Amino acid sequence: LLGALVRGRTARERTAALERLPALRHGGRTLPPGGPGVLQLRGVRVLREGAEVLRADDVVVPGGATAAVVGRSGAGKSVLAAVAGRLLDPDEGEVLLDGTPLDSLTRASLRAEVGFAFARPVLGDGTVAEAVASGVPPATPHRVREAVRVAGADAFVRRLPRTYDTRLADVPLSGGEYQRLGLARAFAHAGRLLVMDDATSSLDTATEHAVDRAVRHSLEGTTRLVVAHRPSVAARADLVIWLEDGRVRAVGPHRRLWERAAYRAVFATGAESGAEERDAGPAGDRI
C-alpha cells in the first residue's frame, strides 16, 4: 500500500508538470504536395531559465537525407530534436519543412508529416498490431506488418503466443524488443520527416545496422533526423550536425569531421566507444 501511494504521488507530480506546459497553437496551412522534406532551422534559440540551451543558425537538412545529431551529454541534442519536430517551439527563430513554418501547419498536417521514435516508447496494453497501428490515421494491417519487418521485429513477434494479436501486457519483452516495436510504429506512420531520439539505443550493433539498411530502402523519401551516440550511426548518415554547449559547431559529412580531434573526442567515452571509433573511421565510412 505504501508503494502504491508513493507511485501514485509521483505519477501525479509528473502529470501536473505536463499540465503546466503551454499548449502549442496550430495554424491553418498544409504542406505543399509532393515536397521532398527539406528541413531548415533559421535563427533558432531555445532558453531555459534565462540561459540559452540551443542556438542553430541556418541549418539545412536536404530532403530524403539522414542527418545525425551528435554531441556530448547536455549539448542540446534532444532539444534540437524536439524543436525540429515541433514538440517544442523555439523562443526565437523558426523551423521550416519544405519552406513552410511548422507553427503555421494544422495539427493534423503536422502530425501526419512529422513522426517520432523515442528510446522508451509508450505502447499501451493493447495488442502488438494495435500498438503499431495507433496513430492518425491508424495504419492498415499490411502497413503494420511491413513496418514491423523493417524494424527487425517480425521474427520475435511471430514467436509470441498469438503473434500480432498478443496483448503487450501478457508477455515480458526486453528493452530492445520494446524499442523495435516503437520504431515499427514510427515507420508505419512515416511522413516527410522522422525524428529518432536515441531510438536504437537498446539494439546491438548488428541489429542496428540491419534496421538502418531496411529503413534506407523502405523510407527512401523520408528525411530522418537521428540523435546519435555511436560513431557508427554518424558514419552511416549523409551529414552530421555537431552540437557543443548548445550551439551548432559544424555541419558536414562524418568523414570530414572525423579529421578533427575535438569531434573524435565526442565519442571517446569508454572501451566500447573506442572500439566503435575504429570501426567508424575512414574504413568504416565505406560500410
Side-chain angles (χ1 to χ4, degrees), residues 18 24 37 39 64 66-67 69 78 81-82 84-88 97 102 105 107-204 207-228 233:
L18 291 173
L24 292 178
L39 175 67
T66 299
V69 183
S78 290
R86 211 193 169 213
L87 291 181
L88 172 72
L97 188 59
L102 291 186
L105 297 176
R107 185 181 186 278
S109 179
L110 177 68
R111 293 307 163 210
E113 298 289 358
V114 180
F116 278 88
F118 298 101
R120 294 188 294 174
V122 178
L123 302 177
D125 295 329
T127 66
V128 170
E130 290 170 346
V132 177
S134 63
V136 181
T140 64
H142 173 75
R143 191 164 179 83
V144 166
R145 283 167 170 74
E146 176 64 16
V148 170
R149 183 193 63 78
V150 172
D154 184 70
F156 82 78
V157 168
R158 292 188 179 278
R159 291 195 298 267
L160 296 177
R162 299 186 63 190
T163 63
Y164 284 82
D165 292 325
T166 303
R167 295 189 65 84
L168 292 172
D170 297 337
V171 290
L173 298 178
S174 69
E177 290 169 339
Y178 221 75
Q179 201 167 72
R180 274 180 277 177
L181 289 180
L183 286 169
R185 181 175 61 185
F187 298 160
H189 298 86
R192 301 192 196 192
L193 174 64
L194 176 60
V195 180
M196 300 171 63
D197 189 354
D198 208 15
T200 60
S201 58
S202 295
L203 306 185
D204 59 74
T207 301
E208 185 181 59
H209 281 210
V211 170
D212 180 74
R213 287 195 297 270
V215 167
R216 287 177 179 272
H217 176 73
S218 301
L219 304 181
E220 188 175 357
T222 298
T223 304
R224 296 173 296 280
L225 189 71
V226 183
V227 174
V233 176

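What you are looking at is a predicted structure, and each value in this text was computed from that prediction instead of being measured. Throughout, numbering of the chain's residues begins at 1 and tracks the sequence.
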Test side-chain contact (heavy atoms from CB on, under 4.5 Å) applied to Val157 and Leu181, step by step: CA-CA 9 Å; Val157 168; Leu181 289 180; 4.0 Å; yes
Is any side-chain heavy atom of Asp154 less than 4.5 Å from a side-chain heavy atom of Tyr164? yes
Using 4.0 Å as the upper bound for N to carboxylate O, is an ion pair formed by Arg180 and Glu177? no
Specify the closest pair of heavy atoms between Arg224 and Leu219, including all atoms of both residues, with the distance to one decimal. NH1-O, 2.9 Å
Inter-residue atom distance Gln179.CD - Leu123.CG, 0.5 Å rounding: 10.5 Å
Does Thr127 use its side chain to pair, donor to acceptor, with the backbone of Thr166 at less than 3.5 Å? no
Measuring from atom CG of Asp197 to atom CZ of Arg120, what distance do you get when rounded to the nearest 0.5 angstrom? 11.5 Å
How many angstroms lie between atom CG of Asp125 and atom CD of Glu130, to the nearest 0.5 angstrom? 10.5 Å
Does the pair Phe116 and Arg111 meet the rule for a side-chain contact (heavy atoms from CB on, under 4.5 Å), with working shown? CA-CA 9 Å; Phe116 278 88; Arg111 293 307 163 210; 4.0 Å; yes
Specify the closest pair of heavy atoms between Ala147 and Ala184, including all atoms of both residues, with the distance to one decimal. CB-O, 3.2 Å
Atom CZ of Phe187 and atom CE of Met196: how far apart are they, to the nearest 0.5 Å? 4.5 Å
Between Ala190 and Thr222 the two heavy atoms that sit nearest each other are CB-OG1, 4.1 Å
Reference residue Val114; test side-chain contact (heavy atoms from CB on, under 4.5 Å); the match among Leu193, Leu194, Leu87, Leu105: Leu193
Main-chain N/O of Arg192 paired to Glu113 side chain as donor or acceptor, under 3.5 Å: yes
Check step by step if salt bridge (Lys or Arg N to Asp or Glu O under 4.0 Å) holds for Arg149 and Glu146. CA-CA 5 Å; Arg149 183 193 63 78; Glu146 176 64 16; 2.5 Å; yes
CG of Leu102 to CG of Leu39, rounded to nearest 0.5 Å, is 7.5 Å
For Ala84 and Leu225, the nearest pair of non-hydrogen atoms, with its separation, is CB-CD2, 3.5 Å
Which pair of heavy atoms, one from Leu24 and one from Arg86, lies closest together, and at what distance? CD1-O, 3.2 Å
Which heavy atom of Gly124 sits nearest a heavy atom of Leu168, and at what distance? O-CD1, 3.7 Å
